[in-house]
Amino acid sequence: MPAITLPDGSVRQFAAPVTGTAVAASIGPGLARAALAMEVDGRLVDLGHEIDADSRVVFVTRRDPQSLGLIRHDVAHVLAEAVQGLYPGTQVTIGPAIENGFYYDFARNEPFTPEDFPAIEARMREIVARNASFTREVWPRDEAIAFFEARGERFKAELIRDLPEGEPISIYRQGEWLDLCRGPHMRGTGDVGNAFKLMKVAGAYWRGDHRNPMLTRIYGTAWRDAGELEAHLHQIEEAERRDHRRIGREMDLFHIQEEAVGSIFWHPKGWRLYTVLQDYMRRIQSAHDYVEVRTPQLVDRSLWEASGHWENYREHMFIAEVGDAGEAEDRKLSLALKPMNCPCHVQIFKHGLRSYRELPLRMAEFGACHRYEPSGALHGIMRVRAFTQDDAHIFCTEDQVAAETARFVAMLAQVYRDLGFDSFVVKFADRPDNRAGDDATWDRAEAALVEACRLAGVGYELNPGEGAFYGPKLEFVLRDAIGRDWQCGTLQVDYVLPDRLDASFIGEDSARHRPVMLHRAILGSFERFLGILIEQYAGRFPLWLAPVQVVVASIVTDAEPYALEVVDRLKRAGLVVQADTRNEKINAKVREHSLARVPVILVVGRKEAEARTVAMRRLGGAAQELLDLDEAVRALADEALPPDLKRVGRDHVAELT
RNA sequence: GCUGCUGUAGCUCAGUGGUAGAGCACUCCCUUGGUAAGGGAGAGGUCCAGGGUUCGAGUCCCUGCAGCAGCACCA
């Protein structure tokens with residue numbers, strides 16, 4: 001006698017166990033047509049699922065965002081059927097729904113290519129049009145294994161074998177074709193609709209492990225209707241348009257070449273961007289009571305052995321062997337380019353006796369690090385082998401961890417706001433499998449960080465097993481202008497390294513104590529963050545960041561002396577300005593500098609030269625504003641002030657008044 | 001690192017085994033103009049590198065390097 005409670009609070013009684021299909025039909029023909037699946041007590045199941053106990057039921061229709069997951073999962077099955085129909089002998093493995101779409105991994109000797117897509121998509125559309133019902137069956141484990149093995153589907157058989165004992169082996173049929181699947185599915189293949197598109201092929205390791213064979217994966221995107229699909233494809237174009245590698249070339253910011261793979265040649269404009277950001281960070285850190293240091297690039301192997309990096313990351317370190325070829329191995333110097341700054345910072349901390357009165361000691365370095373990243377990981381300036389971190393280590397007592405965490409989060413939030421990011425989320429990454437330090441130490445470190453978050457009022461989601469090898473960490477994830485997430489900031493609690501490197505301070509009790517180390521960064525690496533900034537702004541930077549802030553364009557040769565005077569005035573006001581007095585029409589100049597993403601163009605002709613004015617045109621706008629030269633210089637100089645200096649100016653004024 | 005794709009002028013890209021191409025950018029000349037391309041001329045090549053097949057290779061084959069996408073990795 002199941003009593004079913006609906007979202008509006010109404011309750012329906014049924015005399016016997018009943019399927020979702022029947023419940024929907026009892027409510028009305030409209031819902032019966034629209035319902036794709038349902039949630040029973042919060043669990044998403046097929047409409048064919050039989051409800052035999054009192055429960056709360058919510059029907060999922062196409063309108064519901066949840067339907068996207070169903071559509072994407074179902075279309076993955078449709079893809080698999082199409083592929084097996086077209087390419088006999090291809091083994092199926094898994095095919096989940098993912099963000100924006102789905103994929104299916106196939107085992108086949110011959111990899112797929114995008115040229116196969118039209119045929120596969122055509123077959124998929126046939127399968128959707130046929131609208132075969134999805135039907136669920138539960139098979140005995142042995143039978144299922146035997147069935148798939150007999151078909152040569154050894155990957156499926158392996159999946160079933162590894163399913164936990166007691167887990168039902170559910171099989172979904174869609175017409176002639178069937179697949180092992182946990183479900184749930186919609187009513188039939190027709191519910192998928194036509195708003196899907198195959199996107200790309202790629203290799204992917206079986207079960208995500210690089211020791212396993214590589215499968216061939218087909219990615220697709222799928223949506224509820226053509227409008228959503230169109231919007232998604234547009235979003236991809238938008239991301240390509242913002243690609244920092246493309247903008248870096250177009251704006252002449254940097255380049256990379258074969259002789260220095262993974263390192264960046266910063267051109268003048270790119271370097272200006274870099275230094276503006278670095279100067280800003282230096283001021284912010286100083287305002288937050290950090291001291292800045294500089295430590296060596298090349299450090300003897302013994303320090304990395306002591307820190308544990310040699311053991312954990314040797315393969316990814318650049319090593320320099322120095323000494324004659326004939327010299328005995330143990331006489332040679334073995335130096336490593338530092339992959340991190342922390343062991344060096346500990347050396348400074350250890351240099352001389354430290355008092356508890358010096359804590360918390362916040363030691364910052366724009367630390368240039370080198371890591372031998374795998375070739376496939378390199379990506380523009382975002383993932384490189386030579387980079388500079390906005391790194392700092394806070395040496396403190398256990399009691400100070402919470403306050404330091406709160407302080408850091410406030411500082412980080414300010415920086416992100418200043419740089420144009422309105423929101424970020426925090427993830428808590430706890431102990432990884434491969435780690436240094438005993439479990440008791442990890443218990444303490446994790447507890448301290450949890451408590452610090454509580455006191456700082458920082459909410460987070462858990463990211464299990466993703467901590468650093470020496471400690472748990474908070475990860476700060478930005479969302480950019482087109483909705484992509486970037487992990488940038490980090491705060492790591494470390495009880496291990498001070499111990500391994502024997503750092504200590506003298507406490508109030510005159511005894512030696514171990515400091516706790518907080519590793520923290522806000523930007524992460526300048527290289528990567530600048531890549532993110534370029535994409536965030538699509539190269540159209542706010543004035544304070546723009547590598548060229550103003551171009552003064554003359555209309556006629558007669559106005560050239562005045563144009564140069566305007567340039568000079570702006571330069572003296574601290575702006576980065578260029579004159580464009582070339583023999584070109586003003587249309588061409590405006591077009592060129594607009595394409596170069598210069599935020600402000602000042603146009604000067606005879607009229608402006610006579611009246612000592614400038615015609616200001618903003619990037620992206622067609623309007624012009626006629627301003628007195630003095631007024632324009634003052635306004636632009638003020639606007640070009642970095643946000644932290646603007647605040648200082650305001651506070652200063654507030655103090656005086 | 002793995003799988004697949006790609007590599008031709010500064011950039012974007014054509015190129016059928018038979019003399020290396022276009023547009024933009026660049027240089028020069030004409031033009032002095034009012035807010036997203038004025039006109040003309042010129043210059044510019046290790047066709048990623050090495051090997052092979054061929055009378056002949058940018059083109060076909062092999063190896064390497066680099067880039068791109070995804071996977072794996074990211075202290």
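Note on naming: letters A, B, ... go to the chains in the order of the sequence lines (proteins, then strands), and numbering restarts at 1 for each one.
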Just checking [X]: base, sugar-phosphate only, or nothing, at a heavy-atom cut-off of under 4.0 Å?
X	value
A/K589	nothing
A/E608	base
A/H379	sugar-phosphate
A/G208	sugar-phosphate

Taking any strand in view, what nucleotide pairs with [N] in a Watson-Crick or G-U wobble way, both distances under 3.5 Å?
N	answer
B/G18	B/C55
B/G34	none
B/U3	B/A69
B/G23	B/C11
B/A43	none
B/C74	none

Counting only heavy atoms and a strict 4.0 angstrom limit, can you tell me which residues of [range] come near RNA chain B?
range	value
residues 90-121 of chain A	A/P111
residues 549-566 of chain A	A/I555, A/V556, A/T557
residues 243-264 of chain A	A/R245, A/R249, A/E258, A/V261

Can you pull the salt bridge (charged side-chain N to carboxylate O under 4.0 Å, His left out) pairs that have at least one residue in residues 237-247 of chain A, sequence neighbours excluded? A/E238-A/R241, A/E238-A/R242, A/D243-A/R245, A/R246-A/E250
Inter- and intrachain pairs under salt bridge (charged side-chain N to carboxylate O under 4.0 Å, His left out), touching residues 260-273 of chain A, at least two apart: none
Charged N to carboxylate O below 4.0 Å: is that the case for [X] and [Y]?
X	Y	answer
A/E639	A/R618	yes
A/E565	A/R612	yes
A/R431	A/D443	yes
A/E466	A/K427	no

Pair listing, side-chain hydrogen bond (donor to acceptor under 3.5 Å, both in side chains) test, anchored in residues 257-268 of chain A, at least two apart: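 Residue pairs with at least one partner in residues 257-268 of chain A: A/D252-A/H267, A/H255-A/Q257, A/H255-A/H267, A/Q257-A/E259.
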What does the list of N/O pairs under 3.5 Å between the protein and nucleotides 36-41 of chain B look like, with a distance for each?
unit_1: B/A36; atom_1: O4'; unit_2: A/R591; atom_2: N; d: 3.4
unit_1: B/A36; atom_1: N7; unit_2: A/R617; atom_2: NH2; d: 3.2
unit_1: B/A37; atom_1: N7; unit_2: A/R591; atom_2: NH2; d: 3.4
unit_1: B/A37; atom_1: N6; unit_2: A/R591; atom_2: NH2; d: 2.7
unit_1: B/A37; atom_1: N1; unit_2: A/R591; atom_2: NH2; d: 3.1

By side-chain hydrogen bond (donor to acceptor under 3.5 Å, both in side chains), which residues pair with [X], not counting sequence neighbours?
X	answer
A/R582	A/D580, A/E592
A/T295	A/K338, A/E365
A/R383	A/E373

Can you confirm whether the side chains of A/Y470 and A/Q492 place a donor and an acceptor under 3.5 Å from each other?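 The criterion, which ignores hydrogens and geometry beyond distance, is satisfied for A/Q492 and A/Y470.
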Return whichever of A/K200 or A/V603 has its heavy-atom-nearest nucleotide of RNA chain B closer to the 5' end.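 Nearest-nucleotide comparison on RNA chain B picks A/V603.
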Between A/Q624 and A/H210, just flag the one whose closest nucleotide in RNA chain B comes earlier from the 5' side.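 The residue closer to the strand's 5' end, by nearest nucleotide, is A/Q624.
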Can you tell me the distance, in whole Å, between the CZ atom of A/R520 and the C1' atom of B/A75?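 After rounding, the gap between these two atoms is 16 Å.
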Using the side-chain heavy atoms of [X], tell me which of these nucleotides is nearest: [options].
X	options	result
A/Y205	B/U35, B/C2, B/A75	B/C2
A/K607	B/A72, B/G34, B/C74	B/G34
A/K473	B/A75, B/G34, B/C71	B/A75

Any side-chain N or O of A/K338 under 4.0 Å from OP1/OP2 of B/A75?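 Result: no.
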If only side-chain N and O atoms of A/R314 are considered, is one of them under 4.0 Å from the OP1 or OP2 phosphate oxygen of B/A75?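 Indeed not, no polar side-chain atom of A/R314 lies that close.
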Taking side chain to side chain contact (heavy atoms under 4.5 Å, CB included) as the definition, give me every residue that meets it alongside A/A222, ordered by chain and number, with sequence neighbours left out. A/I71, A/R72, A/V75, A/F102, A/F196
Is NZ or CZ of A/R217 both nearer than 6.0 Å to the six-membered ring centre of A/Y103 and within 45° of the ring axis?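 So A/R217 does make the cation-pi contact.
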Correct closest heavy-atom pair for A/R294 and A/Q297 would be NH2-NE2, 4.3 Å
List the atom pairs, with distances to 0.1 Å, where a side-chain N or O of residues 555-563 of chain A and a protein N or O form a donor-acceptor pair under 3.5 Å, not counting sequence neighbours.
unit_1: A/D558; atom_1: OD2; unit_2: A/R606; atom_2: NE; d: 3.0
unit_1: A/D558; atom_1: OD2; unit_2: A/R606; atom_2: NH2; d: 3.0
unit_1: A/Y562; atom_1: OH; unit_2: A/T613; atom_2: N; d: 3.1
unit_1: A/Y562; atom_1: OH; unit_2: A/T613; atom_2: O; d: 2.8

Write down the distance separating the P atoms in B/A20 and B/U46, rounded off to the nearest Å. 13 Å
